[in-house]
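Step one of this worksheet: look at the structure below.
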Amino acid sequence: MLLMPDGQGQPTATHRSDYQPPAWWIDTVELTFDLDPAKTRVLNKMRLRRNPEVAAQALRLEGEELNLSRVLVNGAGTSFKMDGSQLVLENLPEGPEPFDLEIFTTCAPDKNTQLMGLYVSQGTFFTQCEAEGFRRITYFLDRPDVMASYTVTLRADKTAYPVLLSNGNLVEQGDLEGGRHFAKWHDPHKKPCYLFALVAGKLVARQQRILSRSGTEHLLEVYVRPGDLGKTEHAMNSLMASVAWDEARFGLPLDLERFMIVATSDFNMGAMENKGLNIFNTKYVLASEATATDTDFANIEAVVGHEYFHNWTGNRITCRDWFQLSLKEGLTVFRDQEFSMDMAGSPSARAVKRIEDVRVLRSAQFPEDAGPMAHAVRPDSYIEINNFYTVTIYEKGAEVVRMMHNLVGRDGFAQGMKLYFARHDGQAVTCDDFAQAIADANPGSALALQLEQFKRWYSQAGTPRVQASGQYDPEAQRYTLTLRQSCPATPGQPHKAPFVIPVELGLLNHAGQALALQLEGEQTANGNSRTLVLDGAEQQWTFINVVQAPVPSLLRGFSAPVVLEVDYSDAELLTLLAHDQDAFNRWEAGQRLLLRRALQAITAPDDSQDAAILDEALLQALRQVLLDPQLDAAFKELVLTLPSETYIAEQLEVVNPQRIHAVREAMRLQLALALHIDWQSAYETHQASGAYRPDAASAGRRALAGLALTMLCLGAQHSGDSIWPGKTLQRFKDAGNMTDRFNALAALVGCGHALAAPALERFHTLFKDDPLVLDKWFALQAGASDRAGHVLPLVKQLMAHPDFTIKNPNRARSLIFSYCNANPGAFHRADAAGYVFWSERVLELDAINPQVAARLARALDRWKKLAEPWRSSAREAIARVAARADLSNDVREVVTRALAEE
Ligand code: PHE
Ligand code: ZN
């Protein structure tokens with residue numbers, strides 16, 4: 001791979017195989033900050049010693065954008081040199097004895113637009129150190145396997161910065177001269193520097209005291225800007241639920257007297273698990289029924305849980321190096337998914353959550369795994385670690401943990417977690433250490449027996465395909481299932497060895513009843529569902545005493561992150577859709593049918609049949625789901641939502657994005673018209689009564705009512721009827737909560753009705769002072785279904801709106817990403833104007849915030865699949881970005897990989 005030089009020289013790749021333990025340990029760190037937005041002074045006093053297990057060598061500390069003023073060893077001046085961004089000290093005391101190293105530097109938080117290191121957001125200081133931001137605060141061994149004990153003193157103007165926070169416990173505070181004050185914090189737990197944090201500013205807190213199971217008292221706090229206190233109740237409830245859940249499910253208690261969450265509106269990611277001082281994007285903290293949707297409420301619960309769970313999986317046991325990122329992220333996503341499912345309660349609510357998670361996996365991770373940025377869950381190399389906070393590390397990583405969980409069972413997994421903590425608490429470890437602990441706690445399990453092969457999930461990229469075919473012998477009453485696996489080549493990995501793939505399955509008869517399962521060689525039948533473990537390229541299983549040709553229900557609950565190919569007949573899929581005992585596969589059968597119809601229409605010679613893509617049998621089956629009184633509203637909403645344009649595109653060799661968009665829109669219209677009466681009754685029977693509650697069941701009812709309204713407006717717009725648009729506007733005006741209000745607005749915008757414009761204006765007037773709601777306002781317009789190319793000019797116009805600023809990541813995402821990354825029908829224009837806009841914004845953002853720019857840069861990852869003229873113009877746009885000499889390493893890595901011939 002050829003890489004162009006950046007401003008500081010050749011970007012170099014870091015390789016996992018080059019790992020060396022640190023030559024030095026840092027036992028304690030005392031940091032003193034004199035906080036000033038223009039020039040903050042940082043005194044860093046460390047106690048260091050040589051690592052006796054590593055050959056003696058110079059100390060090399062990382063630093064970035066720092067002004068160095070003094071270096072002292074044991075209180076006396078010393079010689080040092082600079083090597084690129086490293087501070088190198090060669091004449092340090094010999095021998096194993098610890099010594100003191102003091103480093104004075106300054107930095108400029110108010111110039112920090114990257115939001116890594118120490119920065120200012122709305123007059124408040126925040127830090128972000130993961131992965132390599134601590135080096136922007138002071139010179140340090142900025143790597144996760146160096147764990148130190150921190151004492152932090154913050155000094156600042158008392159009026160401007162009344163609240164001074166850092167990790168751990170407050171040990172001292174008081175006034176200083178000149179209107180300044182100080183606070184001193186000590187963290188009782190050793191930690192890697194990426195978990196360091198400080199916050200200083202005008203904030204207020206919701207406080208809550210709780211008692212753990214063992215009777216210890218803890219103080220929980222959620223800090224926000226003064227006007228936002230009323231929007232913190234749900235975050236606090238979520239935090240309390242998280243503490244209780246981790247104790248109940250995994251026996252993991254809160255290990256701190258004080259646990260703080262602080263919200264900021266300027267944040268690159270969702271949130272950060274700094275020890276005892278989590279810093280959150282306001283999007284995942286602030287909620288009120290008037291301003292946040294059900295999805296927001298659910299996301300807040302999940303993210304608060306996620307960060308809290310990191311306290312054990314990530315902080316107590318951390319990563320040896322950044323290649324092990326999924327050790328903490330995959331496991332913690334698995335834990336937050338389980339938390340959300342346990343909170344949702346009923347089996348069908350759990351299935352809904354599972355379907356939502358699989359949708360994310362398929363529409364974001366599968367494309368990543370098939371594109372130029374494909375990488376293993378534990379990658380072998382990277383140029384810029386920030387580019388590897390991906391859906392593969394997070395979501396596929398969680399699937400790998402889930403497969404382990406399923407192979408050893410829920411109790412076995414709990415035992416495995418126990419062993420993991422018994423072995424590794426306080427250490428920086430690897431993905432191997434985790435898998436080993438789960439396997440060792442479950443000797444004899446399929447995981448333990450095939451551990452080395454199972455771990456290919458960590459080392460091989462790409463989404464495996466599993467082909468299934470069944471053969472029924474009516475005479476012998478035998479059913480033989482053949483499963484074959486393969487995995488496409490990915491960059492740097494042309495050949496793949498077989499994975500260990502757990503395939504949960506059941507067999508249904510044609511009436512949809514579950515059949516008892518008895519494999520050849522078994523004495524009796526045993527249950528209706530079981531897990532087969534596919535570990536070879538091809539394997540067969542024979543079921544006996546099968547009295548009828550069965551319909552197989554395969555990969556239940558999505559038991560492995562694979563693409564399953566089965567030659568189902570339409571009739572078989574209709575049986576599964578109507579009857580499968582596994583709710584996930586019920587949904588899946590419907591999606592297979594819808595996808596099949598979409599692909600038929602897309603590949604048809606012309607669009608003359610577009611008004612009748614869905615056949616009567618499928619419409620009838622969908623109608624039955626919609627009207628079934630036994631099914632949850634949330635589940636119905638999922639079944640009746642078509643596969644996304646992105647997911648459809650992934651099924652095709654050559655992609656015409658406009659044709660996909662047109663077909664999917666035609667299908668939506670057909671669904672709207674054919675089920676008109678049913679949508680009407682669904683809308684009317686799913687009106688909420690009583691006070692707003694964000695629980696899964698109520699949210700499901702609102703989601704289905706929202707979909708119904710969208711469909712009714714689509715149908716009305718087509719037929720020219722004005723009743724439903726009028727009702728929708730009324731609903732928009734009267735809605736008692738943001739979910740209903742926003743769904744009504746989205747229904748009007750979605751069908752392009754004339755009433756959309758005044759509704760959008762009214763929405764803006766109502767919420768002009770609430771940034772998170774304004775983000776929704778921008779996102780809705782940028783993500784709207786494209787009609788005759790209307791979205792791009794609108795997006796450009798909104799870029800000039802007084803409320804737009806590209807410097808705030810949430811706002812940039814709400815407008816630019818909603819268009820480029822989430823609206824394929826509008827983005828992939830035949831005139832290439834969408835791509836030109838994209839390349840301009842990537843460059844504009846790169847000068848401000850490379851991390852955000854690099855995520856936008858990924859919008860064209862799949863350009864090689866595009867048909868002409870899109871393919872050539874996409875390549876041209878990427879090449880235009882790549883031609884710039886002054887790109888960040890972040891964007892450079894993304895565009896270089898995109899253009900690579902592989
Ligand atoms: N570690 C954070 C999380 O997943 C994500 C994050 C990464 C935040 C890097 C900021 C910077 O919980
Ligand atoms: Zn995380």
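What's counted below: heavy atoms across the whole structure, side chains too, no hydrogens, waters or symmetry copies. Every number for a ligand or one of its atoms is a count from 1 in the order of the listing.
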message = Under 3.5 Å, is there a donor on one side chain and an acceptor on the other for D246 and W312?
response = no
key: Side-chain donor-acceptor pair present, E130, Y389, cut-off under 3.5 Å   = yes
query = Is K455 paired with D432 through a side-chain N to carboxylate O contact shorter than 4.0 Å?
reply = yes
ask   = Hey, is NZ on K190 packed in by over 12 heavy atoms from elsewhere, all under 6.0 Å?
value = yes
ask   = Is the number of heavy atoms from other residues, nucleotides or ligands under 6.0 Å of K283 NZ greater than 12?
value = no
What N, O or S atom of [X] is found closest to the Zn ion (ligand 2)?
{"X": "E329", "result": "OE1"}
{"X": "H310", "result": "NE2"}
{"X": "H306", "result": "NE2"}

task = Using a 4.5 Å cut-off on heavy atoms from C-beta on, say whether the side chain of P771 contacts that of N810.
result = no
task = Could you check E893 against N387 for side-chain hydrogen bond (donor to acceptor under 3.5 Å, both in side chains), going step by step and ending with a plain yes or no?
result = CA-CA 8 Å; E893 182 174 30; N387 283 334; 2.9 Å; yes
message = Please output the residues near ligand 1 using a strict heavy-atom distance under 4.0 Å, listed in chain and residue-number order.
response = Q128, E130, M269, A271, M272, E273, H306, E307, H310, K328, E329, Y389, Y394
